[in-house]
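Remember, predicted model here, so these are calculated numbers, not experimental data. Below, all heavy atoms of this structure are taken into account, side chains as well, without hydrogens, waters or symmetry copies.
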Amino acid sequence: MELVKVYCEHCGNEIIVYDTHVKKHMYCTIHCLESAGGSSSGGGSESASA
């Protein structure tokens, strides 16, 4: 298990993770994940505030 550098798909920030946890699309924060449209939670925060 090694630490590797990957980059956020949305903003380009560097992320350091273990090589066993690298995915095809990596995001540095929940905000970047939601902004990129990659959220798979089923319900967005917009509908929860209504």
Side-chain angles (χ1 to χ4, degrees):
M1 232 172 28
E2 292 182 29
L3 290 172
V4 295
K5 291 181 188 177
V6 295
Y7 296 91
C8 177
E9 289 284 326
H10 185 67
C11 69
N13 278 344
E14 184 179 280
I15 310 164
I16 298 175
V17 297
Y18 284 110
D19 58 356
T20 55
H21 289 82
V22 174
K23 306 292 182 199
K24 185 176 181 180
H25 300 287
M26 299 287 291
Y27 301 97
C28 62
T29 63
I30 296 296
H31 176 72
C32 280
L33 173 66
E34 290 175 346
S35 295
S39 179
S40 61
S41 62
S45 61
E46 298 84 22
S47 61
S49 62

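Across Cys8 and Cys28, no two heavy atoms sit closer than the pair SG-N, 3.5 Å. The minimum heavy-atom distance linking Tyr7 with Gly12 is given by the pair CD2-O, 3.5 Å.
Ring geometry, His21 versus Tyr18: the interplanar angle falls from 30° to 60°, so the pair is classed tilted.
Residue Val6 shares its hydrophobic cluster (ILVMFWY side chains chained together at separations under 4.5 Å) with Val4, Ile15, Val17, Val22, Met26.
Separation of atoms CD (Glu14) and NZ (Lys5) is listed at 4.5 Å; rounding is to 0.5 Å.
With sequence neighbours excluded, the residues forming a side chain to side chain contact (heavy atoms under 4.5 Å, CB included) with Glu2 are Asp19, listed by chain and number.
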